[in-house]
Structure formats: C-alpha cells, structure tokens
Amino acid sequence: MSESNKAKLNERMEKIVSLCKRRGFIFQSSEIYGGINGFWDYGPLGAELKRNVKDFWWRCMTVYRDDVVGLDASIIMHPRTWEASGHTSTFSDPMVDCLLTRKRLRLDQIDPQTGTAYSYLGAVDRDLFFEFQEQNPGSKLIEAFELHSDDGILKPRPGTDTAQTVENLMSSLDLTCNTAYSVLIPDGERSDQARKIARKYYQLRGITRPLLIDEQTEHVENSTRYNPENGSLLTEPREFNLMFKTYVGPVESEDNIAYLRPETAQAIFAQFKTVLEVSRQKLPFGICQIGKAFRNEINPRNFTFRSREFEQMELEFFIKPDEIAAKSEADSNASPDTPQPNWGWKQWHEYWVEERIRWYESVGLTRDSLDVYWQPAEELAHYAQATVDILYKFPFGTQELEGIAARGNFDLTQHQEFSGKSMEYFDEEAKTRYVPHVIEPSAGVDRLILAIICQAYREEEIINEKGKKEIRNVMQFHPRIAPIKVAVFPLLKNRRELVMKAKEVRDLLRPYMQVFYDDAGAIGRRYRRQDEAGTPFCVTIDFETLGETPELLDTVTVRDRDTMKQDRIHTRELAEFLQKRFR
RNA sequence: GCGGGUGUAGCUUAGUGGUAAAGCUCCAGCCUUCCAAGCUGGCUACGAGGGUUCGAUUCCCUUCACCCGCUCCA
C-alpha cells in the first residue's frame with residue numbers, strides 16, 4: 001500500500017471516529033477523567049445500532065432456526081472452568097524482550113542455548129577515552145586499565161578494585177554506559193561475534209565507537225536467558241496475564257480468586273448437558289449466546305477494534321462424530337446446501353462459514369468488503385481441526401470479525417475430565433454414547449459494529465441550489481439495523497396544524513419502529529441531520545397532508561436516505577410500507 | 001512494552017509568559033410551502049498533576065489519552 005493511500009485511509013478513519021463522537025455512536029469511556037485505554041461507551045445512536053445487530057443475530061439463530069437454542073450465562077464462573085479450557089495456563093505467558101532488537105519472545109518458546117557467555121560491565125566512547133588519556137598523561141585511572149586494542153576491550157589490571165575503577169572512569173567521561181550486558185556464543189563459533197554484538201548494543205545506547213569494559217567468559221548450559229537468533233541477553237521474564245482477575249466475596253485471598261470470562265463459549269460447554277436435557281434437542285444442534293467478555297490486551301488499538309471489555313456472539317454447534325454420522329442416510333431430494341444427517345465435520349464447517357458470510361451480507365457488509373482466511377495447518381491452535389477467519393477490510397487494515405473453528409470434542413472432553421461429570425450424548429438412532437464434536441462460529445460484536453460504521457460511511461459531493469459544491473455525509477446503514485428507522489417532520493414549525501398532525505403520525509408509527517420527531521430549523525437541515533444518523537426514511541407532513549389538494553388528504557412524503565427521492569404514501573399504509581423495507 | 005507524533009469549545013482550526021479568536025455544530029426566538037438559506041441571542045475549551053514565575057494555555061518535569069510504526073493477540 002502506498003504512503004499516500006495509507007494516509008487517505010487514516011484520514012477516513014479519523015473522520016469516522018469524529019462522526020461517531022459528534023453524532024453519539026461511540027464515546028471514550030470515562031472521558032471526563034481523561035479516558036481509559038481499551039474501554040468505550042456507546043451513545044444513543046450506537047446503543048440502538050448495537051442492539052439492532054445483536055437482536056437480529058439472536059433472531060437468526062433462535063427464531064429462524066429449529067436447531068439452535070439460547071443461553072445467557074454469568075460472566076464469572078468457577079475458576080476450574082479456565083483450567084479445563086486451558087486459559088489460565090496459556091493466557092498467562094512469561095514474556096522476554098531481546099535487549100538488542102527489542103523483539104518480544106515467549107519464554108516457553110525459546111530453545112535452551114549452550115555455549116560461552118561473554119559478559120561486559122559497560123562501555124565508553126573510544127575517542128573520548130583517548131582524548132582523556134592525552135589530557136591526563138600518567139593518570140592513575142587510565143593506568144588501571146589495559147587496552148586490548150585489537151579486540152577493543154578495556155580490561156582492568158589485576159589487583160584493582162574493578163567496580164570502583166569502572167565507576168571512576170564513568171564519572172570522568174561523558175559518553176559512557178554502565179549497563180552490564182552479555183552475549184551467548186554457541187560452542188564452536190567465533191568469539192569476536194560476541195564483541196560485535198555487544199558493540200552494537202552499546203551503540204544503540206548512544207556510544208558511537210564503544211570500547212567494551214572488561215570481558216568475562218563463562219560456560220552456560222541450556223539457558224533461556226539469551227536470544228537464540230543473535231545471542232543477545234534478554235530482559236528478565238515478565239508475566240503477561242491476559243485474564244481479568246477478581247475476588248468472589250469481600251475478602252481478598254488466594255482462595256477466592258475468580259476471573260471475568262475471556263470468552264462466552266465455556267459457559268455453553270459447561271451447561272451442555274443441562275441445556276440438552278431441557279430443550280429436547282437432538283444432535284446436531286447448537287447453543288448460542290451473546291455477552292460481554294474481558295481480556296487484558298497488551299496493547300488496545302484501532303478505536304474499538306481491540307478493546308479490553310467487549311461483546312461476543314457465539315454459537316457452539318454440536319455434531320455427531322464423523323463415523324457415527326456416516327451411518328445415517330441423506331435425503332437424496334434435498335438441495336446441496338441443506339444440512340444432511342450424514343454430514344461430517346468438514347461439511348458442517350463449510351456450511352457455517354457460508355451461513356455466516358450470508359449473514360454479514362444481510363447486515364450490509366458486501367461480500368467484496370469481506371475476506372475469508374483459511375488458517376493453514378501450522379497456524380492452528382492445538383485443539384482445532386480447522387479454523388476460518390472472516391475478515392473485514394477496515395481502513396486500518398483487513399482484520400478479523402469472526403473465527404469459525406472446528407474444535408473436535410476437545411472442550412467437552414476437557415470439562416468431562418476436570419469436572420468428573422459425563423459429557424456424553426446417547427444417540428438413540430445409533431444406540432451408542434459419545435462426546436459430541438463442535439463447530440464454533442464466534443463473532444466480535446464491537447468489531448462488527450465498527451465494520452458496519454466504516455462500511456456505511458459515505459461522503460457524497462452534491463451541487464446545492466446555488467450551484468455550490470458541498471459534501472453530504474450519509475451513513476448508509478442497512479435499514480434493518482439503522483438506529484432510527486424513520487424521522488417525522490412537520491414541513492413548518494410555526495403552523496400548529498402541521499405540528500399536531502406530525503405528532504399524530506409519530507405516535508402512529510411508534511409501536512412498530514424507532515421513530516424520531518424533529519421540527520427545528522429548515523426542512524433540508526433536518527434531512528441532512530438524519531443522513532448523518534443513518535436514518536433510512538424521513539416522513540414529512542405538509543399542506544397536502546392537511547387536505548390542500550383534497551385527493552391527497554392524509555398522505556405524507558417519504559424521503560429515501562440514499563436516493564433523496566420522495567414517495568407520497570397514505571398514512572393508513574405508512575407503517576406497513578416502512579416495515580417491509582427493514583424487515 | 002519500545003520508538004515517533006499529537007492534545008485549545010461538540011467538530012475543524014487560530015493564538016499568546018499578562019482579559020483566549022473564528023467557522024461550523026448545538027440550544028432559544030423570529031422567519032421559512034421539501035434538501036445544512038437568512039436574522040437575533042445564547043452555551044461551551046487550553047487533557048490532568050506538579051515545578052519555574054509577580055503571573056503559565058504558552059517554559060520545564062511527570063502522568064493520562066489518542067494516532068503512526070514495531071511488538072503481541074489462547
């Protein structure tokens with residue numbers, strides 16, 4: 001991507017963020033206190049938008065399907081849950097940084113190194129050292145060191161108090177660094193490599209031509225203190241725990257530590273048997289849930305995209321193991337995308353990928369704004385058989401909205417093991433017991449809202465009545481999820497009959513949809529305000545409505561956000577006319 | 001977490017070691033017979049905390065937030 005194109009996209013993102021704030025879609029959390037990194041609030045329009053999106057997902061799962069039921073579980077669960085799921089161990093990794101390249105590594109992924117460690121006490125600038133030597137001939141301080149000029153090493157002479165001597169030298173010269181550093185050189189490799197790396201290290205700390213101070217060597221075995229790539233010393237390991245910790249009960253003790261869930265999925269697994277029992281479902285079937293989740297992200301970025309508190313829409317769709325499913329018979333008359341009893345996990349996985357893409361289209365994300373990424377085998381998590389990411393092309397990059405993972409029976413098996421409770425399903429048809437497998441479409445609500453906002457944002461250049469160019473900002477939300485469905489205006493505010501009639505129309509529509517009444521300012525201004533809010537329809541009550549032309553009595557104009565064209569509709573048909581367009 | 005940048009009203013920008021300016025938005029009123037018209041009036045800001053100073057929005061330090069790059073992302 002070119003720099004200018006990148007700048008343009010960044011500018012677009014800034015405008016979107018600005019509009020979100022100006023119109024009340026998204027605010028920074030705790031703004032009056034200076035904000036808090038990784039947390040965001042939804043304003044009036046944002047709250048409606050988010051609610052519409054979640055409601056629609058929920059309806060698509062539980063109302064329009066027979067094979068999915070809902071769950072609304074608690075955020076805090078028994079801590080053992082997270083041991084079973086693997087989160088407490090894999091979510092807190094000790095991390096180290098390379099002192100030379102600043103690259104961050106996971107301690108557990110470092111291959112232990114064996115070789116010779118070369119340690120230095122610090123470095124001084126070569127030019128300054130010689131200058132000092134010239135200006136102070138015979139100085140005791142200089143005499144205390146032996147210069148190995150071939151290697152560029154200042155070695156304290158035997159018998160001197162090394163620490164004190166080095167400190168004295170440091171305080172006499174300007175360009176010094178007294179940070180100790182070491183490099184590990186594998187057995188059989190050249191030792192001058194260590195000095196080269198050490199010099200580079202001190203150069204990064206501002207010493208142009210470093211003379212290394214002291215050089216001690218030590219044989220080291222199976223150490224993870226050094227970067228395998230370059231031998232450089234690493235920082236002390238630091239814990240990166242992504243779980244939000246809290247205490248259950250008013251006393252803070254080790255015994256009552258609990259965690260805010262990092263995903264909603266585990267509650268579904270933990271309640272699998274109870275839901276199965278009460279819902280009278282048979283495999284294959286799914287349990288879905290919408291709810292908050294919390295992750296202590298190392299670095300929240302990109303507006304709401306990576307937040308520490310966020311919301312998920314997750315489905316765990318339980319299926320039969322392939323060998324059981326294969327015994328069932330398919331309906332030969334069914335169309336190819338209709339689920340069949342003999343489908344294996346691969347077919348179910350592909351089915352859900354396609355279902356989810358279609359769903360994104362139905363909320364206004366076009367197929368060409370999305371990307372689908374099949375994770376290659378080497379990237380897969382240990383539990384996953386296959387994972388597909390659905391990504392959206394955000395102005396700041398193409399990023400994940402949803403992951404659809406085929407997780408085998410990993411989760412249920414883990415919970416069975418950790419809880420000691422059976423997670424097996426008795427298959428009446430096959431007359432056998434087994435732990436079901438699962439396909440998990442897991443979507444981030446806040447990411448989706450951001451994608452929807454980015455997708456909807458339009459700047460239209462239009463020529464006004466005076467022939468002047470101006471920009472019309474319009475949020476082209478799919479009517480189905482638009483925060484306000486219809487705005488109702490009296491053409492003029494200072495005609496009582498128009499105002500009364502407009503309020504009547506508002507009340508007429510209110511039971512069916514989000515309505516917004518506005519009578520302030522010129523009619524054009526009111527239209528434009530609704531354009532920025534993404535309201536798909538504006539209804540205006542004018543003198544025809546009141547009967548100026550008898551045959552137009554009780555008709556209103558309905559203005560379309562995207563075309564700015566108007567239809568004249570009788571109030572009797574208005575609610576249905578509108579509803580048809582956003583159902 | 002590292003490096004770089006930014007922070008003045010709801011938004012976009014001026015500006016200054018000595019009373020902080022404008023445009024748009026917003027609110028009220030007038031006017032207005034369909035796309036940000038006009039007139040009158042009004043609200044609202046130097047991110048926070050220290051320091052230097054008679055006096056700091058301005059200079060210094062710390063901190064917070066945001067943006068960019070790296071890093072990280074079960």
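Since this is a predicted model, take the numbers as computed values, not measurements. Here is how names work: the chains are called A, B, and so on, in the same order as the sequence lines, proteins then strands, and each is numbered from 1. Computed from heavy atoms alone, side chains included, the values below leave out hydrogens, waters and symmetry copies.
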(request) Starting from C1' on rC31(B), measure out to CD1 on Ile523(A) and report it in whole angstrom. (result) 15 Å
(message) Say we look at rG29(B) and rU19(B): how far apart would their P atoms be, to the nearest angstrom?
(response) 36 Å
(request) Please tell me which of the listed nucleotides, rC35(B), rA37(B), rU33(B), lies nearest to the side chain of Leu491(A)? (result) rU33(B)
(request) Take atom CD of Glu461(A) and atom C1' of rC35(B), then tell me their distance rounded to the nearest Å. (result) 17 Å
(message) I'd like to know if Ser18(A) reaches the base of rC11(B) with its side chain such that a donor and an acceptor end up less than 3.5 angstrom apart.
(response) no
(request) Can you tell me the distance, in whole Å, between the CG atom of Asp560(A) and the P atom of rC35(B)? (result) 16 Å
(request) Output the single nucleotide from rC66(B), rC67(B), rU32(B) whose closest atom is nearest the side chain of Glu14(A). (result) rC67(B)
(message) As a test of reading the structure: which of rA65(B), rC73(B), rU33(B) is closest to the side chain of Arg306(A), going by heavy atoms?
(response) rC73(B)
(request) Provide, to the nearest angstrom, the distance between the NZ atom belonging to Lys21(A) and the P atom belonging to rC24(B). (result) 21 Å
(request) Between Phe39(A) and Ile32(A), name the one whose nearest nucleotide on RNA chain B is closer to the 5' end. (result) Ile32(A)
(message) What's the gap between rG17(B) and rU57(B) when it is taken at their C1' atoms, as a whole Å value?
(response) 10 Å
(message) I'd like to know if Tyr527(A) reaches the base of rC34(B) with its side chain, counting only an N/O donor and acceptor under 3.5 Å.
(response) yes
(request) Pick the C1' atom in rC59(B) and in rG69(B), then give their distance to the nearest Å. (result) 30 Å
(request) Give Phe303(A) one of three labels, base, sugar-phosphate or nothing, depending on what nucleic acid heavy atoms sit under 4.0 Å from its own. (result) sugar-phosphate
(message) Side chain of Arg525(A), heavy atoms from C-beta onward: which of rC26(B), rU32(B), rC34(B) has the nearest atom to it?
(response) rC26(B)
(message) Using a strict threshold of under 4.0 Å (side-chain N to carboxylate O), is an ion pair present between Arg559(A) and Asp531(A)?
(response) yes
(message) Tell me which one of Gln399(A), Arg447(A), Gln455(A) satisfies side chain to side chain donor-acceptor pair (under 3.5 Å) with Tyr392(A).
(response) Gln455(A)
(message) If the cut-off is 4.0 Å, is Lys565(A) near the phosphate of rC35(B), judged by side-chain N/O to OP1 or OP2?
(response) no
(message) Under 4.0 Å, counting only non-hydrogen atoms across every strand here, what does Glu31(A) touch: a base, just sugar-phosphate, or nothing?
(response) nothing
(message) If I pick the P atom on rG7(B) and the same atom on rG47(B), what distance separates them, to the nearest angstrom?
(response) 9 Å
(message) Less than 6.0 angstrom from the centroid, inside 45 degrees of the normal: does Arg301(A) satisfy that with respect to the ring of Phe305(A)?
(response) no
(request) Using whole Å, report how far CG of Asp518(A) lies from C1' of rC34(B). (result) 14 Å
(message) Tell me which nucleotide, if any, is Watson-Crick or G-U wobble paired with rU57(B) when both distances must be under 3.5 Å.
(response) none
(message) Over 60° means perpendicular and under 30° means parallel, so tell me whether Trp348(A) and Phe317(A) are parallel, tilted or perpendicular.
(response) tilted
(request) Verify the contact: side-chain N or O of Arg559(A) to OP1 or OP2 of rC35(B), cut-off strictly under 4.0 Å; return yes or no. (result) no
(message) Any salt bridge linking Asp446(A) with Lys50(A)? Criterion: basic side-chain nitrogen under 4.0 Å from a carboxylate oxygen.
(response) yes
(message) One pair to check against side chain to side chain contact (heavy atoms under 4.5 Å, CB included): Glu504(A) and Lys501(A). What are the steps and the verdict?
(response) CA-CA 5 Å; Glu504(A) 256 175 52; Lys501(A) 189 70 190 171; 3.3 Å; yes
(request) State the pairing partner of rC70(B); accept Watson-Crick or G-U wobble contacts with both distances under 3.5 Å, and report none otherwise. (result) rG1(B)
(request) Take atom C1' in rU16(B) and the same atom in rU8(B), then report the distance between them in whole Å. (result) 12 Å
(request) Take atom CD of Glu532(A) and atom C1' of rU12(B), then tell me their distance rounded to the nearest Å. (result) 13 Å
(request) Starting at atom CG of Asn296(A), determine the distance to atom C1' of rC72(B), rounded to an integer number of angstrom. (result) 13 Å
(request) Remember a base hit wins even if backbone is also touched, and classify Asn302(A) as base, sugar-phosphate or nothing at under 4.0 Å, heavy atoms. (result) sugar-phosphate
(request) Check whether any side-chain N or O of Asn494(A) sits under 4.0 Å from OP1 or OP2 of rU32(B), and answer yes or no. (result) yes
(request) State the pairing partner of rU6(B); accept Watson-Crick or G-U wobble contacts with both distances under 3.5 Å, and report none otherwise. (result) rA65(B)
(request) State whether the number of non-hydrogen atoms from other residues, nucleotides or ligands found under 6.0 Å of Arg22(A) atom CZ is greater than 12. (result) yes
(message) Would you say that Pro436(A) contacts Phe272(A) through its side chain, given a criterion of any heavy-atom pair below 4.5 Å between the two side chains?
(response) yes
(message) Applying the Watson-Crick and G-U wobble criteria at under 3.5 Å, what pairs with rC26(B)? Answer none if nothing qualifies.
(response) rG42(B)
(request) Test side chain to side chain contact (heavy atoms under 4.5 Å, CB included) on Phe39(A) and Ser30(A) and set out the steps. (result) CA-CA 9 Å; Phe39(A) 299 90; Ser30(A) 323; over 6 Å; no
(request) Sticking with atom C1', work out how far rG49(B) lies from rC72(B), rounded to a whole angstrom. (result) 31 Å
(request) Assign each of Ile471(A) and Phe396(A) to its nearest nucleotide of RNA chain B by heavy atoms, then name whichever residue's nucleotide is nearer the 5' end. (result) Ile471(A)
(request) Please determine, for rC31(B), whether a Watson-Crick or G-U wobble partner exists with both distances under 3.5 Å, and give it or none. (result) none
(request) Take the protein atom CZ of Arg529(A) and the nucleotide atom P of rG10(B), then report the distance between them rounded to whole Å. (result) 18 Å
(request) Indicate, with a heavy-atom threshold strictly under 4.0 Å, whether Asp531(A) touches base, sugar-phosphate, or nothing. (result) nothing
(message) Using a distance-only criterion (donor-acceptor N/O pair, under 3.5 Å, no hydrogens), is the base of rC35(B) paired with the side chain of Arg526(A)?
(response) no
(request) Look at the side chain of Arg22(A) and decide which nucleotide, out of rC11(B), rC67(B), rA36(B), has an atom nearest to it. (result) rC11(B)
(request) Find out whether Arg568(A) and Thr545(A) are in side-chain contact, i.e. whether some heavy atom of one side chain is under 4.5 Å from a heavy atom of the other. (result) yes
(message) Using the P atom as the point on both nucleotides, what is the distance between rA22(B) and rA45(B), in whole Å?
(response) 15 Å
(message) Work out how far the P atom of rG23(B) is from that of rC39(B), and round it to whole angstrom.
(response) 11 Å
(message) Using a 4.0 Å heavy-atom cut-off to protein, can you give one letter per nucleotide of nucleotides 2-7 of chain B, 5' to 3': B if the base is in contact, S if only the sugar-phosphate is, - if neither?
(response) S-----
(request) Answer with yes or no whether Gln566(A) presents, from its side chain, a donor or acceptor under 3.5 Å of a partner atom in the base of rC34(B). (result) yes
(request) Please check if the distance between the ring centroids of Phe25(A) and Phe303(A) is under 6.0 Å. (result) no
